[in-house]
Amino acid sequence: MDGRALAQRIRAQVAEEARSLGHVGFATVLVGDDAASEIYIRLKHDAATAAGIDAQDVRLPATIAEDDLLARVAELNASDDVDALLVQTPLPDHLDEERIIRTLDPLKDVDGFHPWNAGELYLGRPQLVPATPIGIMALLTEYRIELDGAHAVVIGRSDIVGKPIAHLLLHANATVTLCHTHTHDLARHTLDADVLVVAAGRPAVVTPDMVKTQSAVVDVGINRTDAGVVGDVDEGAADVAAYLTPVPGGVGPMTVACVLQNAIRCARYRRTEIPHSAR
Ligand code: NAP
């Protein structure tokens with residue numbers, strides 16, 4: 001499943017929507033100088049700028065006091081120039097990440113991390129959903145993978161990938177199994193998976209002998225090894241599955257494109273389409 005090609009099309013669509021909206025403002029807040037976070041912010045900014053979205057790069061020192069960060073977030077919440085807002089995680093240890101995320105305006109919460117957005121997803125009324133799971137669903141739709149009645153197995157239960165993708169698959173009428181480090185006999189579950197989503201952050205957590213013949217496998221993992229960047233699924237799985245996302249070039253580009261898609265959604269919320277009970 002080619003994430004690069006689909007992501008390119010989504011980005012072109014986003015650019016068209018940004019043009020028709022006139023102005024879309026997207027602010028990112030980066031606290032400190034975590035190297036991986038710098039890369040993620042740069043990717044999002046480059047993509048936003050290319051799509052005609054007005055990206056604002058707020059950089060704050062690693063030593064910032066929590067109240068000062070909260071005040072900055074409140075300012076961005078109130079700013080008319082900002083439709084979409086994210087605070088890059090992880091934050092330095094002295095900052096209470098949960099408290100900061102809770103402070104975001106839920107309708108500007110482009111990452112979909114605010115408890116209101118997580119709750120709406122849980123209740124089957126997805127509003128702003130984290131970009132990676134949205135990107136995975138878009139890939140499965142693009143390749144016409146049957147989800148209704150299928151057995152979908154997700155490895156990983158993070159708030160960013162595992163839990164939200166499990167909910168989206170459930171909404172699509174799949175029968176969902178959610179696996180984690182306490183799961184006994186992982187292969188017993190994966191071998192029965194028509195759709196397997198792997199987001200563990202461990203190279204080769206899924207080997208070819210764990211994959212059901214003719215299934216669809218989505219490899220979310222990004223692991224930096226001596227051999228370069230690899231996913232969570234051994235490449236040999238391609239010989240067994242009908243579909244597999246490559247790493248790189250699968251889920252990664254989709255995540256960036258879907259952040260932009262969420263920014264457009266935020267802009268629409270601010271103009272007309274405010275979901276009731278959000279404010
Ligand atoms: P995370 O917060 O570290 O969560 C990993 C999850 O995998 C945990 O629930 C953990 O179980 C489970 N797990 C780890 N090892 C396992 C094993 N051997 N067997 C079964 N379950 C196992 O990671 P994350 O943020 O969800 O990210 C997962 C991976 O996706 C990382 O490589 C990350 O870099 C990548 N990622 C990629 C994108 C993209 O755009 N491509 C976006 C986000 C993340 P416990 O809960 O029991 O600990």
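We count ligands from 1, going down the list as the structure has it; atoms in each ligand are counted the same way.
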(message) Looking only at distances, can you tell me whether any N or O atom of His182, backbone or side chain, sits closer than 3.5 Å to an N or O atom of ligand 1?
(response) no

(message) As a check for students: among Arg202, His180, Lys163, Arg157, identify the option with a heavy atom nearest to atom 15 (N) of ligand 1.
(response) Arg202

(message) For atom 12 (C) of ligand 1, what's the nearest protein heavy-atom neighbour? Residue, atom name and distance, please.
(response) Gly156 CA, 3.8 Å

(request) Return a yes/no value for Tyr40: is any of its N or O atoms, backbone included, closer than 3.5 angstrom to an N or O of ligand 1? (result) no

(request) Group every Ile, Leu, Val, Met, Phe, Trp and Tyr by side-chain heavy-atom contacts under 4.5 Å, then state whether Ile101 and Leu85 land in the same group. (result) yes

(message) Return the closest protein heavy atom for atom 42 (C) of ligand 1 as residue, atom name and distance.
(response) Thr132 OG1, 3.2 Å

(request) Return a yes/no value: protein heavy atom under 4.0 Å from atom 3 (O) of ligand 1? (result) no

(request) If you have a sec, work out which protein heavy atom is nearest atom 44 (C) of ligand 1 and how many Å separate them, to one decimal? (result) Val161 CG2, 4.0 Å

(request) Over all heavy atoms of both residues, which pair between Arg224 and Val229 is shortest? Give the atoms and the distance, please. (result) CG-CG2, 4.2 Å

(message) Looking only at the side chains, is there a donor atom on one of His151 and Asp194 sitting less than 3.5 Å from an acceptor on the other?
(response) no

(request) Under 4.0 Å from a heavy atom of Gly252: give me the atoms of ligand 1 that qualify, with their elements. (result) 40 (O), 41 (N)

(request) Could you list the residues that satisfy salt bridge (charged side-chain N to carboxylate O under 4.0 Å, His left out) with Arg19, not counting sequence neighbours? (result) none

(request) Using distance alone, determine whether Ile222 and ligand 1 share an N or O pair under 3.5 Å. (result) yes

(message) Could you tell me if Tyr269 and Gln127 have a donor-acceptor pair between their side chains, going purely by distance under 3.5 Å?
(response) yes

(request) For the residue pair Leu244 and Met1, establish whether any side-chain heavy-atom pair is separated by less than 4.5 Å. (result) no

(request) Look at atom 5 (C) of ligand 1 and say which protein heavy atom is nearest, naming residue and atom and giving the distance to 0.1 Å. (result) Ala200 O, 3.5 Å

(message) Do Glu38 and Arg59 have side chains that approach each other closer than 4.5 Å (heavy atoms only, starting at C-beta)?
(response) yes

(request) May I ask you to list the residues sharing a hydrophobic cluster with Leu123, side-chain cutoff 4.5 Å, ordered by chain and number? (result) Tyr122

(message) Side chains of Ile10 and Met254, heavy atoms from C-beta outward: is any pair under 4.5 Å?
(response) yes

(message) Looking only at protein heavy atoms, which one is nearest to atom 16 (C) of ligand 1, and what is the separation?
(response) Thr181 CG2, 3.7 Å

(request) Under 4.0 Å, heavy atoms only, figure out whether ligand 1 is touched by the backbone of Val205, its side chain, both or neither. (result) side chain

(request) For atom 24 (P) of ligand 1, state which one of Ser158, Pro203, Gly201 supplies the nearest heavy atom. (result) Ser158

(message) Can you confirm whether more than 12 heavy atoms, excluding those of His94, are under 6.0 Å from its NE2 atom?
(response) yes

(message) Below 4.0 Å from ligand 1: does a non-hydrogen atom of Gly162 turn up there or not?
(response) no

(request) Return the residue, atom name and 0.1 Å-rounded distance of the protein heavy atom closest to atom 37 (C) of ligand 1. (result) Val220 O, 3.1 Å

(request) Please check if any side-chain donor atom of Thr207 sits under 3.5 Å from a side-chain acceptor atom of Asp209, or the reverse. (result) yes

(request) Would you mind listing which atoms of ligand 1 come within a distance below 4.0 Å of any non-hydrogen atom of Thr255? (result) 39 (C), 40 (O)

(message) Looking only at distances, can you tell me whether any N or O atom of Asp232, backbone or side chain, sits closer than 3.5 Å to an N or O atom of ligand 1?
(response) no

(request) List every atom of ligand 1 that sits less than 4.0 Å from any heavy atom of Ile155, numbering the atoms from 1 in the order shown and giving each element. (result) 20 (C), 21 (N)

(request) Verify whether one side chain among His189 and Thr183 offers a donor that lies under 3.5 Å from an acceptor in the other. (result) no

(message) So, 4.0 Å and heavy atoms of Thr183: is ligand 1 close enough to count as a contact?
(response) no

